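Here the structure is a predicted model, which is why all the values come from computation and not from measurement. Note on naming: letters A, B, ... go to the chains in the order of the sequence lines (proteins, then strands), and numbering restarts at 1 for each one.
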Amino acid sequence: MSERQLLLQTAAEIMATRTEDETSWGPALWDTLAGLGFDGLGVAEELGGAGGTLADAVGVVGVAAANGVAVPLAESLLAAHVLAAAGVPMREGGATVAVAADQLECIVGADGVRVRGRLVRVPWARHLASVVVVADVAPGPLLIELGSCRVEPHENLAGEARDDVIVDVTAARSVWQDPWTEERLRRAGAALRVAQIAGALGRMRDLTVEHVTQREQFGRAIAGFQVVQHQLAILASIAAAAGLAAEYVGDAANDDVAVAATKAYVGRVCGDAARIAHELHGAIGFTEEHPLHLLTRRVWAWRDEFGGDTHWAAQLGTRALAMGAEAWDMVAAEPDDRPTR
Amino acid sequence: MAATKPGDGLSSLRLRSVQLPQEAKDARAEVRAFLQDALAAGVFTPRVDAWLRGFSPEFSAELGRRGWIGMTWPTEYGGRERSALERFVVLEELLIAGAPVAAHWIADRQSGPQILRHGTAEARQAILPAIARGACFVSLGMSEPGSGSDLASVRTTATPVEGGWRVDGSKIWTSHAHRSHYITTLCRTGADRPKHQGLSTLIVDLTAPGVDVRPVRLIDGESHFNEVFFTDVFVPRSMLLGEENAGWALVTSELSLERSGPERILSTYPLLAALVERAPVSAAAPLGELVAELWVLRRLSLSIAAAIDDGDDPVAEAAMVKDLGTAFEQKVIDVSRRVTGDEPSPHDSDPFRAMLAESILAAPGFMLRGGTTEILRTVVARTLVDTR
């Protein structure tokens, strides 16, 4: 077993043996995971991270999604990576991320950056101590303490916190060695969402296999019916394609074409998979007591976060139109054949 | 889900991401330069579905000269001992260019590797170097008028005679049999054995006495399909593939190769290339959807090529590629219609409208050849649940 597999298996065991029943926020599990350093994968140890690679982080995020857990792992990892690029250590109490968008005003002064306005749908804001804001108007990431902001609660389809944060503070200047752009943060977030959706789809397939094997109607397991088998095959094909897409973004989370293509594709087809999973589970899968919704509701939410499938498809399409006859290069080129923008 | 066993959600996936080695990138540059020159010289006109419809012995011979047929085979059989990933890149460049590769396609993909692995020394010597030169073409003799998806029900018989067999029966949907040299023919050799256990594959010389090839015209007026009749056709013992009566295992063992290649995704790529040149800016999103899907499916195909090269036999994953890939080929047509509003026009001087027409008329075959979508889904389901 490789080091990566061992890590993923350890994570899976911790997540599967959790005891809390909370479906939209699991504080005890989060404490455990953060305590073990899962929120700092791929970040250097001198910055408070756990070492390892970005691909490790992407892998663990997929495992968390497969287990339907409600923890801010993807966002905390992102925040840690943005800070690490600027040479800033990880934060006590956890950090989330936000793309500034145009509802935020940033004025760079001598003593810091005056930040005023609204951050929209910030993941997990109410549960974490700080938010790392990437704004193209600022010369680097802005580290804002959430305790000094007003947090307006909202949620996504899975009940996960997606809060608006009303900011009126002066943020300290960080070192700003390798500042991230809004686009880069959106891209990295999309890459993590691809890994999460893939993890959830794989588990959706497994749960569905389990269900159609056990559920009997007309005197036999419903897996024996060809209409059921064929729906299952479509679900499994989508899960396999998404799983492979996640493998690729794990290695190329900063490659603009890889992320746009995988988020556009996986984001578009995951709804078909969720529809089939629910169809084959029958009414029981539509209840709160059945775990299926821990996967399907998240997938329905995640496909639209950090840019929906149409956003990324339009970006690819615009580029294809500009490339004309050379558009194939976008499909076939390896990430390292292309300069990253 | 507190009570369920831990899952990574990826447990049944054996595929891994693949990084192309430098040799594959070099191969791409080489084949691209060749294709650019060939296009400029008017050697061929790009067309859709050219791996089935673009039959050119001259072009195949040229590819053979350049080492792009049988390129992974041992040099003693005319191969170049190059990697499966180099081959993948060469194939995809030929496919996206819409180059006429149909003459040798089946021999390179399927019959050649099969003869290499299961053929007698005599058959290997006689056939493989000629295939690699682009001078020997092979048809697939599988389906019969009464046997399609239920392939094991074939009734063409091979009766033992002195030095070999005598073959009687017929095969249908055999592409290019009228201009190929051999047909690998699935026959019943053990009449008294159970359905799946009495089959053998014989390599039949299409010029042998008693072979009669008649064309079957398709809805687009093309007739690459044929019906092949065998009456008392003698096939020497040296033309048996594998063991006698073990033909079913042979047929199923090649399915991964047959179903997972880039041709299952790229049949309509030349239409997509033409669409990119004319689509309005407002079509960026639907166009990008196609690019995204192609990006992912191409890598699925590539990963399977790598897995097969590692000795795996990812039958279910290969079936998935064909199912997803042929749906994509169809989607290219749908988007092309939708975003341009152009009328398909067979043989039009405008290549887009001509290819749109050709694609629509060819499309019914995409989901049939190489196993229907319904068969593929059953194959996938069988790996997940007890389907009986």
Side-chain angles (χ1 to χ4, degrees), chain A residues 8 12-13 15-16 18-19 21 62-63 65-68 198-203 206 209 212-213 221 223-224 226 229-230 232-234 236-237 240-241 243-245 247-248 251 257 260-262 264-265 268 291 294 310 312-318 320-321 324-325 327-328 330-332 334, chain B residues 1-2 4-13 15-17 19-20 25 28 89 92-93 96 269 272-273 276-277 279-281 283-300 303 316-317 319-320 323-324 374 376-388:
Chain A
L8 299 188
E13 276 162 15
M15 292 168 190
R18 71 192 183 276
T19 49
D21 260 344
V63 169
N67 285 281
L201 291 179
R203 194 54 175 284
D206 294 347
V209 165
V212 300
T213 306
Q226 205 168 46
Q229 292 164 17
H230 286 192
L232 188 60
I234 298 170
S237 300
L244 188 69
E247 290 277 323
Y248 275 97
D251 294 329
V257 173
T262 53
Y265 177 72
R268 187 163 56 79
L294 299 178
T310 303
W312 292 109
Q315 200 177 86
L316 283 179
T318 302
L321 287 168
W328 171 253
M330 222 175 18
V331 175
E334 303 274 306
Chain B
M1 278 195 294
T4 59
K5 56 184 188 288
D8 60 9
L10 303 170
S11 51
S12 78
L13 185 72
L15 303 173
R16 292 288 166 262
S17 59
Q19 310 299 329
L20 288 178
K25 294 174 187 174
R28 188 189 304 286
V89 165
E92 68 179 2
E93 289 293 327
I96 65 157
Y269 187 85
L272 177 55
V276 171
E277 305 262 25
V281 174
L287 190 63
E289 273 183 25
L290 293 177
V291 173
E293 189 161 345
L294 181 54
W295 194 98
V296 173
L297 298 187
R298 172 186 173 271
R299 279 161 181 79
L300 204 53
S303 292
E317 287 83 352
M320 289 175 179
D323 185 3
L324 296 171
E374 289 67 31
L376 301 174
R377 289 179 182 167
T378 298
V379 166
V380 172
R382 205 179 284 148
T383 64
L384 299 168
V385 294
D386 183 356
T387 54
R388 283 167 300 174

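- Of the atoms belonging to B/Ala279, heavy atoms from both backbone and side chain fall under 4.5 Å from chain A.
- With chain B as the partner, the residue from A/Ala325, A/Ala264, A/Ala245 showing the most heavy-atom pairs under 4.5 Å is A/Ala325.
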List the steps, then state whether side-chain contact (heavy atoms from CB on, under 4.5 Å) holds for B/Asp323 with B/Val380. CA-CA 10 Å; B/Asp323 185 3; B/Val380 172; over 6 Å; no
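- In this structure, B/Met320 CE and B/Leu300 CG are separated by 8.5 Å, a value rounded to the nearest 0.5 Å.
- The contact between B/Ser303 and chain A is made entirely by side chain atoms (from C-beta outward), counting heavy-atom distances below 4.5 Å.
- Heavy-atom distances place both the backbone and the side chain of A/Thr318 under 4.5 Å from chain B.
- Of the two parts of B/Pro280, only the backbone, made up of N, CA, C and O, holds a non-hydrogen atom closer than 4.5 Å to a non-hydrogen atom of chain A.
- Residues B/Arg299 and A/Glu247 are not paired through a salt bridge, judged by the lack of any N-O separation under 4.0 Å between the basic side chain and the carboxylate.
- Residues B/Glu93 and A/Trp328 bring a donor and an acceptor atom of their side chains to less than 3.5 Å of each other.
- Neither the backbone nor the side chain of B/Leu290 comes within less than 4.5 Å of any heavy atom of chain A.
- To the nearest 0.5 angstrom, A/Leu232 atom CG is 11.0 Å from B/Thr378 atom OG1.
- If you measure heavy-atom distances from B/Arg28 to chain A, the contacts under 4.5 Å come from the side chain alone.
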B/Leu287 and B/Val276: CA distance, side-chain angles, deciding distance, side-chain contact (heavy atoms from CB on, under 4.5 Å) verdict: CA-CA 8 Å; B/Leu287 190 63; B/Val276 171; 4.1 Å; yes
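- With a threshold of 4.5 angstrom between heavy atoms, B/Leu294 approaches chain A through its backbone and through its side chain.
- Between B/Gln19 atom CD and B/Lys25 atom NZ the span is 8.0 Å, to the nearest 0.5 Å.
- B/Glu277 touches chain A through its side chain: at least one heavy atom from C-beta onward sits under 4.5 Å away, while N, CA, C and O do not.
- Only the side chain of A/Gln226 comes within contact range of chain B, with heavy atoms under 4.5 Å apart.
- Both the backbone and the side chain of B/Leu20 have a heavy atom closer than 4.5 Å to some heavy atom of chain A.
- Judged purely by distance below 3.5 Å, without hydrogens or angles, the side chains of B/Ser17 and A/Asp251 pair a donor atom with an acceptor atom.
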